[in-house]
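Read the structure below first, then the notes.
Read the numbers this way: they start at 1 and go in the same order the structure lists the ligands and their atoms.
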Amino acid sequence: MDQKLDWANLSFGYIPTDYNVRCRYRDGKWGEIEVSSSDTINMHMAATALHYGQEIFEGLKAFRGADGKVRIFRIEDNANRIISSANGIKMAPVPVDLFKKMVIKAVELNARFIPPYGSGASLYIRPIELGMSAQIGVHPSSEYLFMVMVTPVGPYFKEGFKPTNICIMREFDRVAPKGTGRWKVGGNYAASLEAGERAHELGYSAVLYLDPREKKYIDECGPANFFAIKQGRYITPASESILPSVTNRSLMQLARDMGITVEERHIPLEELAEIDEAGACGTAAVASPVAEIHDIDTGVKYIVAKDHQPGPITTRLYEKLRAVQLGEEPDTHGWNTIVEGI
Ligand SMILES: *Cc1c(COP(=O)(O)O)cnc(C)c1O
């Protein structure tokens with residue numbers, strides 16, 4: 001390291017790194033991989049990404065493990081998901097091999113920014129695809145830019161693995177019932193900002209959205225999936241308006257490995273009164289335990305973590321997933337891609 005980064009105190013902000021990796025789609029095909037040391041892009045002011053929201057992204061992480069090796073977690077799952085997002089909003093899909101090659105290259109080129117084992121920090125990888133054609137008519141772009149940027153991020157739980165409160169607000173939906181919720185589209189985030197900011201002002205860490213059709217079932221928890229533990233079972237919403245979280249899928253698998261029954265089904269709002277633990281899951285936090293869920297419109301408060309401590313199953317699942325990512329425990333499902341030589 002030729003620079004001193006305070007790994008343990010990094011925020012989830014943006015720290016410039018040395019390189020990013022880019023590839024352009026033109027004339028019906030993807031071109032050569034380019035390495036850039038510039039953190040800006042040049043685009044036409046009439047690009048479809050800017051006017052009509054043709055923009056999708058991914059988020060995954062690389063970790064320096066206990067054995068000194070660098071591991072990227074579930075790269076193939078993210079490669080497949082961005083294809084699904086691309087098809088969802090009519091963008092050119094990035095082939096799985098190209099995605100993997102570019103992500104690995106971005107990690108290799110920025111190896112000096114991969115936080116050391118034990119710091120709790122990691123290298124966040126952000127692939128992004130943009131519609132680039134200059135056009136005013138509303139139709140899919142014919143040119144695309146796919147790029148992979150990385151930035152080191154600090155430990156999510158700086159003050160320890162502590163539960164937070166979340167809230168339910170019926171005034172806003174993040175997505176439509178058969179809309180873009182199942183794809184990782186930037187516009188979904190724009191649609192969630194108003195509710196998210198209100199929740200933060202009221203002291204909540206996130207909004208727990210109800211299904212947008214009937215407002216009867218639990219959908220998602222801001223930019224994370226929701227799960228709960230009820231009578232020793234792992235329950236998580238089945239919904240066509242939520243993003244299929246790689247972390248949630250991993251936690252479900254680890255739960256099954258531990259002999260815990262997993263139920264992916266509708267969760268009626270009232271069932272929150274019967275749950276023993278709850279959490280929000282995603283790449284950023286792995287699992288963020290929930291203390292209380294306040295229904296702002298009805299005034300009902302669901303107390304999940306009675307003594308404001310994370311529940312035992314949430315804690316076990318969180319620790320197990322972290323251990324697999326850090327190479328402390330065997331990777332029995334082949335989730336990690338080891339990047340050799342860095
Ligand atoms: C990215 C994202 C998640 C989490 O997915 P992971 O693959 O676990 O990081 C959950 N919900 C939404 C809306 C997301 O955009």
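- Close approach of ligand 1 to Asn225 (heavy-atom distance below 4.0 Å) involves ligand atoms 10 (C), 11 (N).
- Transitive grouping of hydrophobic side chains (ILVMFWY, heavy atoms separated by less than 4.5 Å) keeps Tyr124 and Phe146 in distinct clusters.
- Heavy-atom proximity to Ala224, at under 4.0 Å, picks out these atoms of ligand 1: 10 (C), 11 (N).
- Each of Leu210, Ile267, Asp211 was scored for a side-chain contact (heavy atoms from CB on, under 4.5 Å) with Lys216, with one residue passing: Asp211.
- Heavy-atom separations between Arg74 and ligand 1 are all 4.0 Å or longer.
- Of the candidates Lys320, Lys61, Arg322, Glu319, Arg322 is the only one forming a side-chain contact (heavy atoms from CB on, under 4.5 Å) with Val286.
- The six-membered or imidazole ring of Tyr217 lies away from that of Tyr209, with a centre-to-centre distance of 6.0 Å or more.
- Taking a cut-off of under 4.0 Å to the non-hydrogen atoms of Arg174, the atoms of ligand 1 that pass are 13 (C).
- Considering only non-hydrogen protein atoms, atom 9 (O) of ligand 1 sits nearest to Thr283 OG1, 2.6 Å.
- For Arg81, the closest heavy-atom approach to ligand 1 falls below 4.0 Å.
- Checked against a 3.5 angstrom limit, the closest N/O atoms of Val246 and ligand 1 fall inside it.
- The protein heavy atom nearest to atom 15 (O) of ligand 1 is Tyr189 OH, 2.5 Å.
- The proximity of Pro223 to ligand 1, defined as any non-hydrogen pair under 4.0 Å, is limited to the backbone.
- For atom 11 (N) of ligand 1, the nearest non-hydrogen atom of the protein is Glu220 OE2, 2.6 Å.
- The nearest heavy-atom contact from the protein to atom 1 (C) of ligand 1 is Lys184 NZ, 1.4 Å.
- Distance alone, capped at 3.5 Å, is enough to place a donor-acceptor pair between the Arg126 side chain and the Glu58 backbone.
- A distance of 6.0 Å or more separates the ring centres of Tyr117 and Phe63.
- Between Arg112 and Asn110, the side chains place no donor N or O within less than 3.5 Å of an acceptor N or O (distance only, hydrogens not considered).
- Neither the backbone nor the side chain of Asn188 has any atom closer than 4.0 Å to an atom of ligand 1 (non-hydrogen atoms only).
- You'll find the side chain of Asp297 reaches within 4.5 Å of the side chain of Asp295, heavy atoms only.
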